[in-house]
Each structure stands twice: as C-alpha cells, then as structure tokens.
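Accompanying notes for the structure given below.
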Amino acid sequence: MEYQFRAIEKKWQAVWNEQKAYQVSNESDKPKFYVLDMFPYPSGAGLHVGHPLGYIASDIYSRFKRLKGFNVLHPMGYDAFGLPAEQYAIEHGVHPLKSTHGNIDNFRKQLDNIGFSYDWDREVRTCDASYYKWTQWIFLQLFNSYFDRSSAKAKSISALVSIFDTEGNSNHICPSDAQLKFTAANWKAFSEKEQQDILMQYRLAFCGYGEVNWCEVLGTVLANDEVVNGFSERGGHPVEKKRLRQWYLRITEYADRLLTGLDTIQFSDAMKEMQSNWIGKSYGAEIDFAIHNYDGALKVYTTRPDTVFGVDFMVVAPEHALIENITPDTHKASVAEYIAYVKSRSERERIAEKKITGCFTGAYVVNPFNQKLIPIWISEYVLAGYGTGAIMAVPCGDDRDFKFAQHFNIPITNIIGEAFDGIEANPTKEAVLTNSDFLNGVVQKDAIAIVNDKIEAMGIGQRKVNFRMRDAAFSRQRYWGEPFPIKWINGIAYPLSENELPLLLPEVDNYGPGPDGQGPLANIESWVSDNYETNTMPGYAGSSWYFLRYMDPHNTGAFCDRKVSDYWNQVDLYIGGTEHAVGHLLYSRLWTKVLFDLGHIGFDEPFKKLLNQGMIQGSSRFVYRKRGTHTYVSAGLIGNYEVDQLHVDVNMVDGLELDTAAFKKWKPDFVNAEFILEDGKYICGVEVEKMSKSKFNTVNPDDLVERYGADTFRMYEMFLGPVEQSKPWDTKGIEGVHRFLKKFWRMFFDEMKGKVWVDEPATAAELKILHKAIKKIEEDTERYSFNTAVSTFMICINELYDLGCHKKEVLSQVLILLTPYAPHFAEELWKVLGNEGLVINAAYPLFEAKYVLETSKEYPISINGKVRTNIAIALDATEAQVHEIVLGSEAVQKWIEGKEIKKLIFVKGKMVNIVL
RNA sequence: GCCCUGGUGGUGGAACUGGUAGACACGCAGGACUUAAAAUCCUGUGGGCCGCAACGCCCGUGCGGGUUCGAUUCCCGCCUGGGGCACCA
C-alpha cells in the first residue's frame, strides 16, 4: 500500500468535519488554553506560502496542547472591512460585500486544504451586522466614558456630569483644554449645547477639529500608523495635513498604562521597544520665560533644564498663538512672509528637504536666571503639536539648534567647556557645567533636578511628562466600514440607544466621495435627513476586539458573556507578523483596558504571549535578454553581453535551471526566444526580495499541497527555520520532508510485502529511541522550536528504521507525537494499527527517564582545550577514578609526554580537560 | 542620527543554561537495483597539509581585542544584512 497523501487527507478532513472534531465547548473541567492567529484581511490575491507560516505554527501548538489535555480555543475569522474592497468597488462597481464574500470563500478553501483545527462554528467576520452591532456597542461605551485621572481608569460620563453638578471641573482637568475652568454654578447655567461641547472634550471617543492626515486620492483621513513618510501605507498615495472634523479615540489618556502594561506581557523586546517608542514618554519641565516689554510669558518644554544657561535663542512653531501679539511692527512684514512660505510647503516637502529656515520675530524673552535678553525666532522645525510648541534653543548641546545658530549667525554660548568643540553640538549629560552661575562644576545629569526645584520654587514652571503619541483618528470618509451609532441634531452628537443597534450600513448607488470631503454616506438623502454621522469607523475598529467575540460568537444579548470571558480569559498565545506593532496591537490593548475599567471583562491585557512569525521572502529568478533581441543569455555568460534583467516566474525554474519550453509559452513576447546556454542548461539569476505577484516569485500553497500533500507542506514550512526568523522560500528542500514521511510510511507498509507492522513487545533500544524523541519533541514544541522538532522526528525514524522496528507499541506513540505536525498521516496510520478513537484526541505520551538512562558516557578528553580523544567512562565513576582512567590512557599519555599536569577539569556528564 | 535584530559549509539551518561546531535536511559526487527512467537504498561531502590511503596535524562560527582550563555562546571596539523610529526639544 502506497502513501496516497491526497486521498488520506481528504478522507480525514471529511471525517473530522462530520464529527465536528474541532468544536470547542465553553464548559469543561480541563484547563483552558487560547491560541489565536491574527485574522487575515481577505484580499483578492489569495494566500501565498508566506501566509500560512504562522497559522501552521499556531495549529501545531493548539493540537499539541489539546493532546496534553487542555480545552483549546483556536478560532479563525476575517477582518473584512477595509479600503481594498472599496477601491475595487469604485473601479468595478462590484458591491464590497460581494467581492469580500468571494475572497473569503477562496481563503477558506485554501485554509481547509492545509488541515487546520479551527472551530469554524466560531468564525467571525467584522463586516457582518451581527458582529459590527457590537463594535458599535463598544464604541458607545467609549463615547459614554471619560478617563478619571485620579484613579487612572475609565468611568461613566454620567458620573462626570454629577461631579460637574456639584463641584464644577476644578478636580477634573479637561484633557482637551487644560485652560477650561468652570464651577458648578457655571455648569448649571450652560445651555445643553455648551454642556455637550464640554463633555465631548472629556469622552474617550470624541469628535473634534484637528490636523489630520488627509489622503486626497483615497478621499479619506488616515491614522498616524497608516502613513509612511508622507504617503499612504495602502496604495502609496500622497498624504497632506488638513484641518477637519474627526472622531478620535483618547488613547493619550492611557499612555502610561499602555506603557507599564508592557511589563506584564510576553512580547519580544523589539515589539515592546516599538510600542514604547511610539508612546514616547519623556520627562522634562515646562518653563516660563517672561517676554520683554510685553505682559506675558513664553512657555517652553524642555528635557534639559540643566542647559538653561546655554540658551541663545527661543524658537516657536509657525502656528504659535503668541506670534501675532509679540511681533513688533518693524518685523510684521518679514514674519508674515515667512509664515506664508511655511504654509505653501507641504508636509512631505518639509520632511524631504530638511532645509534650515526661520525668521526673527523682533521680540525677546528674559532668561529668568541671568536676566539676559534672548531673541525669539520662528521655525518650522518646531512642531506646534508637541510640548508647548516652543523651545529654548541650546546650540552647544543640540544638533538642530546648533545648525540653526550657524545658519543665522547667532552667537553660541558654551556651557560644557571642552566637551563642546565648536564644530558640532554635544548632547551629553555627563559634562561638567561651566558659565552656568550656581550650576558651575555640577555634572549635567545632576543639575536637572536642581534647576527643576528652582523653577518650581520661583513659580516659573514645573516638572512635566510628555508623550509623543497623539490621539488616534477614528473616522474615515469611506463606505466600507462600521457606521457610527450617532445622530447629529443642532450640532449635538446623540448616541443611539442599545436597542437601536446595529445601525446597518445602507446601500449606495456609487462609492465615490460625498460633498465637502465627506464620505459616500453623505450622498444618501435618507441617511442625511435622519441626521446620521456620515463617517465610518476605520479598519482597526473591528480588529480591536475580535478575540473576545470568538469566545461567545453567537451571543445576541452581549458582545461576550462575562462568565465566558472569565473562563477563556487572556489569549495565551497570539501569533502574527510584526507589521501591526503600533496599530492593531496598541488599539486592541486600549479597548481591552477600557472594557476592563468598565467592568465588562476581567483582564486588562488581551494577549499574554505574542509570537511574531518572520516574513517569508521570495526568491526571485531572472533571465537576461541581450538588449534589443530575443536572445536570452544564461547567467554565467552575461559578462560577454549587454543584457537586460527580467523577472521570470519562479515556478518555471527547477533550482536555477529554466524550463525553456515553459518560458516560451509563458507570454507571447517569449515565443521566439532563443537561448545561449551553458553546459546545455539555461541558468537563472537569483535575488531575495519581498514575495509579490509583480516579481513572479510567489508560490501557491495549493500547488504544493497537491504535489506533496498538506502534511509534507506543514512540516516543511516549519523545517525551513525558526518561526520568528525571516527567510527566503525555496521549494527545493520540500523533497526531504516528503521522503521522511514516505520512509515512516514504509515502517507500516512495504511495497512488496504489504503490511509489515507487528504487535510485538518493544526492545530496550527501541524504547530508548522513543523516549528520547518524546522528551525532545515535547520540549521543542513547548518552546516553539518547531524546526528542531521536525529534525528530531527524522532522527527518531532514521534510528528506528535502522533497527528494523515495525512494532505497534512504538509506532503508535510516535504517531501521537507526530499528530500536531502531520495530523492526516497520523490519523490514517493510527486507524491502520487498530487503535481506538481518533489520534487527534489521544493522550500525549509520557516521557519516562528510566528508558533513556545511560551507565557510561564517551567523554571527550581535551588537552589545553583541544579535543584529542574520547574515552568511555562510567557515569557513576568518582573524580579520582576518572583521573586514573584518563591519565592511564595511551592516547592521553602521548600528548602529555612527561609534561607536568597543572590541572585536570572534570565536568560530570560533559567532558574532561587536561591543562599542561 | 537613534533603537531593536541577525552574521556559522555550496544552501536552509543545529549546538536551549560557556563544555566534542556543522545535528537534520537540500544540493553535489560516486555506487547498488533497473532494458531504461522514476522511486528506493548505500557511501562521501567545512577548508588546508603530510605524494595517494590509513593514522594524524593545522585553520575555521563577520573582523580585531579581552575574560576563561575551555567562547558560536560572556565583555569591549569595529564592519555588515534586515526591521523600526525619525525635526518630539
């Protein structure tokens, strides 16, 4: 009987399906384990071999935990709202729902091919009304909450209203506008509109005007993490700053908790680093500099108060509110001209050019410590949105300030002696201060606290923590997203009540933008006359909480029953790529914290452990065309010709050798191709690049499953290398894994003799091999080292094969070990051996040390650190006995040759080293 | 510029806490079986030296130093691939 992998795989997939073998219950005596994949956006391109890498790893781990006796939740779904489907709709007039469903069906087929153990009854799609009803519901929780700073928790907005009623806002600084102050009496006197406008400035989901990333081509606003160097992440279109009415999430209030929460979860250092950089917490001080001949002060933010005696000028952002008031008439014209110039430049031009520009206002501040007059400049390198939009410039210590001073010939004060060479700024904190009055002789980092104390004592400033992170833009001027459950009446946002949800996404005639930068929903008369919000939510809305819905996907009364979320609790293992570091992974952490604060769930970090799979890169192949001809030159010979390099489909190349017949058929251009060969072969060029259709280096998993089977494919993806590492795809090596499975198969069936497995007791040698494998494979799987686990299978089978082992007792156990990796193969042979039930429900073999005990060991004997020979010594030998045996050995004597032995190091069970 | 990662044979990689570097595969070379091919099996395979071979020796984990009886592993300085952030004061 031959190993007919395709027949076996289809057969068992049908059986598992029929028996609902992967259905998971929310009630069980077993310990729970939650393994989650980052659900895919179902694009039209389908899966390539890079996508399933993480899915296979998570599937292996889930199946492993299941065999180990856990109740394992392992669901899958689709992140189905989003831009590409809508762009497709605009271009082809196809409803996004229709193309999305088509893509999902295709994804599902591809996923099913690989034999995953998902509980498909729990599938979620973010675009289903039954799902986005709850996305809207959670939005309302955010809308109806504010962040109470004293307890650092979200609380109901109605609680805030009662506080305002009794004490005004004196104990609750407005996060949007710290200047806003009112008493209880004021509050009661406000109109409804005024009250609501104030509350809006406290809500966790709020609407306001702000500078946003506007993408003209996409016709929508984008979040900061969706913009890369001034271009949209999707599509690469230019992005401009624009002032628009937008919804936001007040994520900045959670900055501290998002930061400290990182200590409680297992993310890679790189991932934590990315998140904390994004949050960008910095400790500094705000200092008021009195403005000369003007009643007022310029407030600056600095992390380096120690350098206050080195301030040579101040710089304010071009948008700074004080400019108009402090600029004397003599300078009004040049300031106006400069501001006009800044406005004429786009965000991208500023970033790309990095020109030093600026303008003197004609105004001065007074340094509070030495009464020196300091000129106030305007420059675009100071950002209005960070700190106070104004800085104190210290050219000897800051590179940008130094360059600015040089460019405008501003004299530089040196306060760090020889640490400053006059050629470039030195940002050190270790230098001893000079020219700094009461700070002279103090090391800079110690001076920070001294100055901070002083400014607080003088009442001209205070310590201040700043965050780089901005509130997250939460609305899109698009069609294909969740509608906001909000009605606007007389400029007041009224939330829908819970029983009005879901607010269904209406049908539109065209997907183009509405008037005045509004979304397509603004084109619908009834929608507008019902006063509904015309924006929709961004792509990250649905993905911020999907892991909760899997727990209780059919609940119509709640997003997830509290008892159920208490049972499943955090995701124990979350697998996905690093590309979501500052988007999805930050937003879902935020939503979890808010839901926790409001008492809807019992944990405030969603993911206990995150494993990032590496990217599988494409290995591109090239042909070389002699310029202006149809002649193609083999890679080894191109030095002799002037050639152009062309991508060729990697699937037409065997290793490096091009299938020239297939190439001619590939595209009409190549029909008449002629080849200059080397050794009768056309050899292609190779380069590792990102896997993409346009580079013809994608490999479809379906093809490999068809040729080698799902089990081979699964094991090969793991065998490629550590999951976390990026590596190029190379189909060639898949043969090795396939050979392994065929070899394993032959331990059950021989081509000539048929059935060869036997029901005989195992020998000590066989049990030793088995238990060595149990230990290693269990440990490797547990630490996600799937590649070494696969090689351990190979070693185990090679050794058993060499012993001629065909025993059911041994083989059954190995099959269980293999189940997470090659489930179809294991299931088939499990049945063949006549075992009861399904192998996917078997109990994981128990490692027993007694089978692998050794009595002696081949010790490597090194002399001065170099291994010279091996000697077998009993493991229970005493150190004295070892000395005797080693020194008595002929091979060792030869090396010692009468030299004096300084030392003999014996590490039991490891090695012996003789030092001469 | 700053931060995080990685650098080991022709290739993918192994060596988990300092203890026989190159496991397991791919590829390649040779051989067996076969009319032939596929499949399968066996042998060899880091580089170099002693004429071949055995035995053996030297070198070798990006480069240069250091700690140690012993370093791919720890420390210092550099080179380099990949990723992230980038006027954040």
Side-chain angles (χ1 to χ4, degrees), chain A residues 2 228-229 268-278 280-282 284 300-304 307 315 350-351 354 356 379-383 385-394 397-401 403-404 427 466-470 578-579 581-582 612 614-615 617 619 655-656 686 688 716 719-722 724-737 739-740 742-743 746 751 776 779-780 783 785 787-796 798 801 858-870 894 902-907 909-916:
Chain A
E2 215 186 324
V228 181
N229 288 329
S268 68
D269 288 346
M271 189 61 61
K272 288 186 178 181
E273 187 77 20
M274 278 187 237
Q275 292 216 342
S276 57
N277 281 347
W278 186 263
K281 185 173 189 174
S282 76
V300 300
Y301 174 72
T302 181
T303 54
R304 296 299 301 276
T307 61
V315 189
R350 276 170 69 161
I351 292 169
K354 291 208 170 164
I356 298 173
S379 176
E380 54 185 340
Y381 84 88
V382 172
L383 306 176
Y386 184 77
T388 61
I391 62 157
M392 55 179 228
V394 183
D398 183 280
D399 190 44
R400 291 154 307 178
D401 298 346
K403 289 194 173 122
F404 192 87
N466 258 331
F467 293 95
R468 181 177 306 193
M469 184 167 65
R470 296 284 102 92
T578 54
E579 65 272 18
V582 291
N612 294 116
M615 222 180 24
Q617 294 142 313
S619 180
L656 296 179
V686 186
V688 173
Y716 183 56
F719 190 56
L720 227 44
E724 291 179 88
Q725 194 173 302
S726 289
K727 57 237 156 189
W729 178 264
D730 175 19
T731 300
K732 267 262 150 174
I734 199 170
E735 294 278 358
V737 174
R739 270 175 214 148
F740 154 74
K742 285 195 287 188
K743 185 171 190 175
R746 285 199 306 275
E751 228 177 295
K776 176 92 167 108
E779 284 173 0
D780 284 358
R783 67 185 173 105
S785 179
N787 57 327
T788 53
V790 173
S791 81
T792 306
F793 279 116
M794 292 172 170
I795 293 166
C796 171
N798 286 346
Y801 195 91
E858 279 279 309
Y859 277 92
I861 312 296
S862 33
I863 287 142
N864 285 338
K866 284 189 177 147
V867 179
R868 297 301 181 185
T869 186
N870 288 295
K894 203 179 90 190
K902 290 204 186 106
K903 207 193 240 182
L904 191 148
I905 291 144
F906 169 60
V907 183
K910 296 270 186 193
M911 44 68 70
V912 176
N913 190 16
I914 299 166
V915 186
L916 295 179

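Convention: sequence-line order gives letters A, B, ...; per-chain numbering from 1.
- Residue contacts shown for Val867(A) are limited to sugar-phosphate atoms, with no base heavy atom under 4.0 Å away.
- Base contact: Met911(A) has a heavy atom under 4.0 Å from a base atom.
- Between Leu720(A) and Val915(A), the one whose closest nucleotide on RNA chain B sits nearer the 5' end is Leu720(A).
- Projected onto RNA chain B by closest heavy-atom contact, Val582(A) and Pro860(A) fall at different nucleotides, the more 5' of which corresponds to Pro860(A).
- No option in Val907(A), Ile905(A), Ile863(A), Leu904(A) other than Leu904(A) meets the side chain to side chain contact (heavy atoms under 4.5 Å, CB included) test with Val912(A).
- Thr788(A) and Arg783(A) get closest at one heavy-atom pair: OG1-NH2, 4.2 Å.
- OP1 or OP2 of G13(B) sits under 4.0 Å from a side-chain N or O of Gln725(A).
- An OP1 or OP2 oxygen of A89(B) is reached within less than 4.0 angstrom by a side-chain nitrogen or oxygen of Tyr386(A).
- Side-chain proximity of Lys732(A) to the nucleotides C58(B), C85(B), C26(B) is greatest for C26(B).
- Between the P atoms of C33(B) and A38(B), the separation comes to 15 Å (whole Å).
- Distance from the side chain of Arg746(A) is smallest to C41(B) among U5(B), C41(B), C24(B).
- Phosphate proximity of C57(B) to Arg868(A): present, with a side-chain N or O under 4.0 Å from OP1 or OP2.
- In this structure, Asn787(A) reaches the sugar-phosphate backbone alone: every heavy-atom distance under 4.0 Å involves primed, P, OP1 or OP2 atoms, never a base.
- Shown here, A39(B) forms no base pair; nothing in the strands shown gives a Watson-Crick or G-U wobble contact with both key distances under 3.5 Å.
- Taking every side-chain heavy atom of Thr788(A) into account, A15(B) is the closest of C57(B), C24(B), A15(B).
- Across all strands shown, C33(B) forms no Watson-Crick or G-U wobble pair with both distances under 3.5 Å.
- Nearest nucleotide to the Glu273(A) side chain, out of C87(B), U40(B), C3(B): C3(B).
- With rounding to whole Å, Ile861(A) atom CD1 is found 12 Å from G19(B) atom C1'.
- In this structure, Tyr716(A) and Trp729(A) have perpendicular ring planes: the angle between them is above 60°, well past the 30° mark.
- Separation of the P atoms belonging to C3(B) and C76(B) is 14 Å when rounded to the nearest angstrom.
- Listed nucleotides C69(B), A89(B), C16(B) differ in distance to Ile905(A); the shortest reach to its side chain belongs to C69(B).
- Nearest approach of Ser282(A) to Thr303(A), heavy atoms of both residues: OG-CG2, 4.0 Å.
- The residue Lys776(A) sits close to a base: some heavy atom pair falls under 4.0 Å.
- Side-chain proximity of Val907(A) to the nucleotides G19(B), A89(B), A15(B) is greatest for G19(B).
- Relative ring orientation between Phe740(A) and Phe793(A) is described as tilted, the plane-to-plane angle lying within the 30° to 60° band.
- Between the side chain of Asn913(A) and the base of C69(B), at least one donor-acceptor pair of N or O atoms lies under 3.5 Å.
- In terms of heavy-atom proximity, Ala581(A) sits nearest to Met271(A) at CB-SD, 3.4 Å.
- U61(B) and A21(B): their P atoms are spaced 12 Å apart (whole Å).
- Separating the C1' atom of G9(B) from that of G46(B) is a span of 5 Å, rounded to the nearest Å.
- Closest contact between the side chain of Leu383(A) and the listed nucleotides A25(B), U20(B), A89(B) involves A89(B).
- The pairing partner recorded for G6(B) is U80(B), the criterion being a Watson-Crick or G-U wobble arrangement whose two distances lie under 3.5 angstrom.
- Look at C85(B): its Watson-Crick or wobble partner, with both distances under 3.5 angstrom, is G1(B).
- The shortest distance between the side-chain N/O atoms of Ser282(A) and the OP1/OP2 oxygens of A89(B) is below 4.0 Å.
- Rounded to whole Å, atom P of U40(B) lies 11 Å from atom NZ of Lys743(A).
- When all heavy atoms of Tyr301(A) and Gly284(A) are compared, the pair lying nearest together is OH-N, 3.3 Å.
- Across the C1' atoms, A89(B) and C4(B) are found 24 Å apart, a figure rounded to whole Å.
- The nearest whole Å value for the distance from the CE atom in Met274(A) to the C1' atom in C4(B) is 7 Å.
- Pairing partner, A21(B): none, since no Watson-Crick or wobble contact has both distances short of 3.5 Å.
- Across the strands present, C74(B) finds its partner in G66(B); the criterion is a Watson-Crick or G-U wobble pair with both atom distances under 3.5 angstrom.
- Distance, Ile356(A) CD1 to C87(B) P: 15 Å, rounded to whole Å.
- As judged by a 4.0 angstrom heavy-atom cut-off over every strand, Pro722(A) is placed among residues touching the sugar-phosphate backbone only.
- For the pair Phe906(A) CZ and G70(B) P, the computed distance is 19 Å after rounding to whole Å.
- Atom CZ of Arg739(A) and atom C1' of C26(B) are 8 Å apart (whole Å).
- Taking atom C1' in both G12(B) and A23(B), one finds a spacing of 13 Å when rounded to whole Å.
- Atom CD in Glu735(A) sits roughly 11 Å away from atom C1' in A39(B) (whole-Å rounding).
- Atom pair Lys727(A):NZ and G6(B):P shows a separation of 14 Å (rounding to whole Å applied).
- Using a 4.0 Å heavy-atom cutoff across all strands shown, Ile795(A) reaches sugar-phosphate atoms only and no base atom.
- A distance-only check finds a donor-acceptor pair linking the side chain of Arg470(A) to the backbone of Gly385(A) [under 3.5 Å].
- Neither side chain, Asn612(A) nor Thr578(A), offers a donor N or O lying under 3.5 Å from an acceptor on the other.
- Pairing of C16(B), defined by two Watson-Crick or G-U wobble distances under 3.5 Å, is not identified with any nucleotide.
- On the C1' atoms, A71(B) is 14 Å away from G65(B), given to the nearest whole Å.
- Phosphate proximity of C87(B) to Arg468(A): absent, as no side-chain N or O sits under 4.0 Å from OP1 or OP2.
- Looking at heavy-atom distances under 4.0 Å, Asp780(A) makes no contact with the nucleic acid at all.
- Rounded to whole Å, the separation between the P atoms of A15(B) and C74(B) comes to 14 Å.
- In this structure, the nucleotide among U5(B), G12(B), U20(B) sitting nearest to the side chain of Asp269(A) is U5(B).
- The closest side-chain donor-acceptor pair between Asn798(A) and Lys743(A) falls under 3.5 angstrom.
- C28(B): Watson-Crick or G-U partner is G44(B), with both key distances under 3.5 Å.
- More than 90° away from 0 lies the glycosidic angle of G65(B), which makes this nucleotide anti.
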